Amino acid sequence: MPERDGYIPGVPCWVDTSQPDPAAAAAFYGGLFGWEFEDVMPPDSEGTYLTARMRGGDVAAVGSIPAGAPPTAMWNTYVWVQSADETAAKVRDAGGKVLTEPFDVMDAGRMAVFADPEGAVFCVWQANQHKGARIVNEAGSLNFNGLSTRDVEGAKSFYGSVFGWRTLTLEGGLGFWTLPVYGDHLEELSPGLRKQMAEVDAPAGFEDVVAAVTPIPDDQPDVAAHWSVTFAVDDADAAAAKATELGGTVLVAPFDAPWVRMTVLADPAGATFIASKFVPENRDLAGQEDATVTSNAVR
């Protein structure tokens, strides 16, 4: 895919991690993914926000834990919207909560933090100067976002009302959020994309996928509804080994799943994420159990 210069409404566009020690987290992710960092906050700012880049393109960020937020390291998913304020109204109307009212982030854009009816936290981004992740779907960059939920039907109603998302369920029970116009947008960005997807036997409708949705099983009562973040890697096994070397933890050892080989990792502060290598030869693997294992580890 070419470098991105913005997204369309309803598409996850950015991720950052809230950290008790941003400098230590930057050292970990820089060592793991090769990211270079720049603190974009004013010199007199109390907090830190380190934008991570590859080849000069923004890929993610490492920031201080916001005042008043739980003192827990975590990765955050941002969805592109035209208006953070209008989206806040939709969230309330659909039964969600506004955790942080819309506010301006200098001249970068406007954001807000919400929780869906089950408590899964996500952010929205109304862009100004900052256009989200410039590089995606290549090693060391954002590859996917996913919701784990106990109430799939309730989530369908909520996210359908807020973002216009629909769902696609594949053989084996794998579920995804789709945005009906997204495939057309991607085809404009990268002509021939649909043909390339057909050549690797991608499922019908997969070009419209914007995120994943995975049910949390009843035998996991301590797992809360949550959003997860997946980064692309060249080698999932090597990523797990490198994360351990840098002080992180392998929560789920590398394993094969439909279309990918993946591993679930935690950074030294405990923020969890997935590292995934695209393996088209794995397309016919059964996937629901693997997806459940992954979603339960990322929390």
Side-chain angles (χ1 to χ4, degrees), residues 3-18 40-42 45 47 49 51 57-61 63 66-69 74-134 136 142 144-147 149 154-167 176-189 208-213 225-229:
E3 291 191 11
R4 299 293 183 92
D5 186 25
Y7 294 75
I8 62 173
V11 177
C13 63
W14 184 244
V15 292
D16 61 19
T17 176
S18 305
V40 297
M41 296 297 285
S45 183
Y49 198 78
T51 297
D58 295 354
V59 292
M74 63 184 297
W75 276 97
N76 308 298
T77 290
Y78 291 71
V79 179
W80 186 282
V81 295
Q82 288 183 319
S83 169
D85 298 81
E86 291 179 5
T87 306
K90 291 181 180 179
V91 166
R92 289 191 177 96
D93 290 344
K97 294 182 179 179
V98 177
L99 302 182
T100 303
E101 293 284 351
F103 66 96
D104 291 326
V105 184
M106 300 179 289
D107 64 350
R110 187 168 175 82
M111 67 168 286
V113 184
F114 305 131
D116 69 18
E118 274 197 282
V121 176
F122 63 99
C123 308
V124 297
W125 185 248
Q126 177 185 331
N128 187 8
Q129 295 300 310
H130 180 68
K131 305 297 185 182
R134 297 283 184 158
V136 295
L142 178 64
F144 220 52
N145 306 79
L147 172 71
T149 176
K156 288 180 182 179
S157 175
F158 175 78
Y159 290 100
S161 296
V162 175
F163 297 127
W165 290 351
R166 302 177 184 176
T167 54
F176 299 92
W177 296 114
T178 65
L179 186 66
V181 298
Y182 192 45
D184 294 335
H185 174 69
L186 292 179
E187 184 70 22
E188 290 179 4
L189 286 179
D208 290 331
V209 166
V210 296
V213 56
H226 60 275
W227 277 90
S228 62
V229 172

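The shown structure was predicted, so the numbers you read here are calculated from the model rather than taken from an experiment. Heavy-atom basis, side chains included; hydrogens, waters and symmetry copies ignored.
Nearest heavy atoms, W80 versus G6: CH2-CA, 3.7 Å. Summarising the geometry of P117 relative to G95, their closest heavy-atom pair is CG-O, 3.6 Å, with the distance given to 0.1 Å. Looking at every heavy atom in both residues, P12 comes nearest to N145 through CB-OD1, 3.4 Å.
The distance from the CG atom of L147 to the CZ atom of F176 is 13.0 Å, given to the nearest 0.5 Å. Expressed to the nearest 0.5 Å, how far CE of M111 lies from CH2 of W14 amounts to 12.0 Å. Once rounded to the nearest 0.5 Å, the distance linking OG of S83 with NZ of K90 reads 8.5 Å. The CG atom of L142 sits 9.5 Å away from atom CZ of R4, with the distance rounded to the nearest 0.5 Å. Atom OG1 in T51 sits 10.0 Å away from atom CE in M41 (nearest 0.5 Å). C123 SG to L99 CG: the interatomic distance, rounded to the nearest 0.5 Å, is 9.0 Å.
Salt-bridge annotation for D85 and R110: present, with a side-chain N of the basic residue lying under 4.0 Å from a carboxylate O of the acidic one.
Remark: Y159 pairs with F122, W165, W177, W227 by the ring pair (Phe, Tyr, Trp, His ring centres under 6.0 Å) rule, at least two apart or across chains.
Residues L179 and I8 are in side-chain contact: their nearest non-hydrogen atoms beyond the backbone lie under 4.5 Å apart. Under the 4.5 Å side-chain criterion, counting only non-hydrogen atoms from C-beta, T87 is in contact with F114. For the pair T17/V15, no side-chain contact is recorded, criterion being any heavy-atom separation below 4.5 Å from C-beta on. Annotation: side chain of P102 is not in contact with side chain of Q126 (no heavy-atom distance under 4.5 Å). Taking the side chain as every heavy atom from C-beta outward, V79 and Y7 never approach each other to under 4.5 Å. Here the side chains of R134 and V59 are not in contact, with every heavy-atom distance at 4.5 Å or above. Contact of the V11 side chain with the Y182 side chain is registered, since non-hydrogen atoms from C-beta on lie closer than 4.5 Å. Looking at W125 and H130, their side chains come closer than 4.5 Å, going by heavy atoms from C-beta outward.
Looking only at distances, no side-chain donor or acceptor of D116 sits under 3.5 Å from a matching main-chain atom of G96.
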- Please step through side-chain contact (heavy atoms from CB on, under 4.5 Å) for the pair V124 and F163, ending with a clear verdict. CA-CA 11 Å; V124 297; F163 297 127; 3.9 Å; yes

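Looking only at atom types and distance, the side chain of N76 has a donor-acceptor partner in the side chain of D16 under 3.5 Å away.
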